[in-house]
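Throughout, protein chains are lettered first and strands after them, A, B, ... in sequence-line order, and every chain is numbered starting at 1. Basis for what follows: all heavy atoms, side chains included, without hydrogens, waters or symmetry-related copies.
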There are 2 protein chains.
Amino acid sequence: MRGSEAATQALYDEAPEAGAPVSEQTDGTADSGHEVLAVVFQIRGDKLSVLLWQRARRPYEEHWVLPGGRLGAVEGLDVSIRRQLAQKVDVRDLTHLEQLETRGDPGRHPQGRILATAYLGLVPADIDPVVPEDTSWHAASELPDMGFDHAAIVHSGRKRLRAKLSYTNVGFALAPPEFTVSELSRYYRAALGHDVAATNLRRVLLRRGQIEETGGFVPSGRSGGRPAALFRFRARRLEITDAFAVLRPPAGA
Amino acid sequence: MRGSEAATQALYDEAPEAGAPVSEQTDGTADSGHEVLAVVFQIRGDKLSVLLWQRARRPYEEHWVLPGGRLGAVEGLDVSIRRQLAQKVDVRDLTHLEQLETRGDPGRHPQGRILATAYLGLVPADIDPVVPEDTSWHAASELPDMGFDHAAIVHSGRKRLRAKLSYTNVGFALAPPEFTVSELSRYYRAALGHDVAATNLRRVLLRRGQIEETGGFVPSGRSGGRPAALFRFRARRLEITDAFAVLRPPAGA
DNA sequence: GCAAAAGTGTTCGGGCTACACCCATGA
DNA sequence: TCATGGGTGTAGCCCGAACACTTTTGC
């Protein structure tokens, strides 16, 4: 629970009043007027869930928004979102983080134009980060009333994740270090939103060299059944495993 | 040639001196301290080429950089890059434009941290935009000395284009309104960097419903040969034509 | 007729799906 | 021994690559 009290208050720093200069300080800690947000997904109980924070202030009071905040003047975008997720919502266990999109519509923020760069972050299914009180997980398929353009950003993230599950090994970022194929198929089902047959998933991911057996087994439960073999992802960094689905280079190249 | 003189001077507005406040104005026209850039590709003579502008001032004097400039305070990102390409390099005929990435490394700009959002723009092969004197097309495979992190951004754009040629209909944005299959295969070859057999390209794109015959023909040249049928892309907006290369939803869904 | 360029037919292989069948365990 | 869940074998389909062959033109 470290830091969650202070974290809550600072979670979503307000913009300066409309019309005020974006940046008044000139020292190295001046903020840049640029926002960094994160769509953090985790599979929780058969649902793809996203971490949201409930605003206590206008505008969009009581609405839910993405975690994040102002970019510091001397930090990189990815460094910033990592810092803010760690400091403000106590999320330190991202297995994957990638840039999603930058939004800059003049109308996206009622207090004047604020640019926001959104990231897509993934947390594996086996951990349960302690998050502040006003922060919680919501099923991506049943989003609550959200502020600003954040709902649209969540949809972008969902789309990106779905696409990458098809041609990369992102699965590693959703799954725990070791898992059975049927567990894995549950993660894929939740993230993709449609059924994924365990029997074929195993073969696809094995053929692509994404997963391998650990040698371990999970004993069967009370209802019987054959013990399930444990697998792990061979790489725990993003790799494109099916680069040229079509129009691939000729064999001799 | 309209506006190309003035355009040149304004092409790449300098950042304020390092250490000065990012924004000093508070009226609606204050700039935001945010840069917008574009990787504009066109197939020119069997080469994928990118539009670059040669800097006349330090830093990176004489180096080549991407066209773009400061984001106005009340314009959207995409609106801004369209405006700047039109005003500054006289490029108005983009057949496709999409956001690429945002870079914000503190060290990317010697005069202090400046965020830049890059777009990927495509110009069809049949037009030849009149560009200012210090602006010219360069083969993406033989980039000149480039300033800032712009070479890396070009590579991101190239990568994005290559990937999208495989599973979308982006080809429409590279090709003229009508074309023969062998012309089209040249565009694909240039963009992908490897050989693309016209005979199979035709079948792939026909099966996917991307292209259709116009009914017209191109007479054969002096050296003979059968006249080539003319084709067009059925859609001239980006569509994903091969969504689930794998892990596609079950038939009954 | 011959070369050149476009277009078609056909075969092959790979990858994914579906589904039947076999295996290992608990009660 | 039966139900349960895991795992394997196999057949079918679709897609794209390769390549031989046919068609239509200019000279």
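Atom CZ of residue A/Arg44 and atom NE2 of residue A/His138 lie 10.5 Å apart, to the nearest 0.5 angstrom.
Backbone-only engagement by A/Ala229 is indicated by non-hydrogen atom pairs under 4.0 Å involving sugar-phosphate atoms exclusively. Across all strands shown, A/Thr180 has no heavy atoms under 4.0 Å from either base or sugar-phosphate atoms.
Between the C1' atom of C/dA18 and the CG atom of A/Asp195 lies a distance of 13 Å, rounded to the nearest Å. Note: OH (B/Tyr167) to P (D/dG16) measures 16 Å, nearest angstrom. We find that CG of B/Leu205 is positioned 15 Å from C1' of D/dA17, with the value rounded to whole Å. For the pair A/Arg222 CZ and D/dA3 C1', the computed distance is 16 Å after rounding to whole Å. What separates CG of A/Leu206 from P of D/dG9 is a distance of 13 Å, to the nearest Å. The separation between B/His194 atom NE2 and D/dA17 atom P is 9 Å, rounded to whole Å. Rounded to whole Å, atom C1' of C/dG15 lies 14 Å from atom CG of A/Leu201. In this entry the distance linking CG of A/Leu184 with C1' of D/dG5 reads 17 Å, nearest Å.
Side-chain nitrogen and oxygen atoms of A/Arg202 include at least one within less than 4.0 Å of the OP1 or OP2 phosphate oxygen of D/dG7. At the phosphate of D/dG16, OP1 or OP2 sits under 4.0 Å from a side-chain N or O atom of B/Arg208. Not one side-chain nitrogen or oxygen of B/Arg203 sits closer than 4.0 Å to the OP1 or OP2 atom of D/dA17. One finds no side-chain N or O of B/Ser220 lying less than 4.0 angstrom from the OP1 or OP2 phosphate oxygen of C/dA5.
Judged by closest nucleotide on DNA chain D, A/Phe217 is the one of A/Phe217 and B/Thr199 placed further toward the 5' end. Residues B/Glu213 and A/Ser223 each lie close to DNA chain C; by heavy-atom proximity, the contact nearer the 5' end of the strand is made by B/Glu213.
With sequence neighbours excluded, no residue forms a salt bridge (Lys or Arg N to Asp or Glu O under 4.0 Å) with B/Arg202.
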For nucleotides 21-23 of chain C, which of its nitrogen or oxygen atoms have a protein nitrogen or oxygen under 3.5 Å away, and what is each distance?
unit_1	atom_1	unit_2	atom_2	d
C/dC23	O4'	A/Arg226	NH1	3.3

Could you list the donor-acceptor pairs under 3.5 angstrom formed by side chains in residues 216-235 of chain A, with sequence neighbours left out?
unit_1	atom_1	unit_2	atom_2	d
A/Ser220	OG	A/Gly225	O	2.9
A/Arg232	NH1	A/Glu212	OE2	2.9

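Side-chain contact, B/Ser49 with B/Gln42: no donor N or O sits under 3.5 Å from an acceptor N or O. Residues A/Thr241 and A/Gln210 have side chains that bring a donor and an acceptor to within less than 3.5 angstrom of each other.
Comparing C/dA18, D/dT4, D/dG16 against the side chain of A/Asn200 picks out C/dA18 as the nearest.
Using a 4.0 Å cut-off between charged side-chain N and carboxylate O, A/Arg108 and A/Glu35 make a salt bridge.
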Chi angles and distances behind the side-chain hydrogen bond (donor to acceptor under 3.5 Å, both in side chains) call for A/Asp145, A/Trp64 = CA-CA 6 Å; A/Asp145 279 348; A/Trp64 295 83; over 6 Å; no
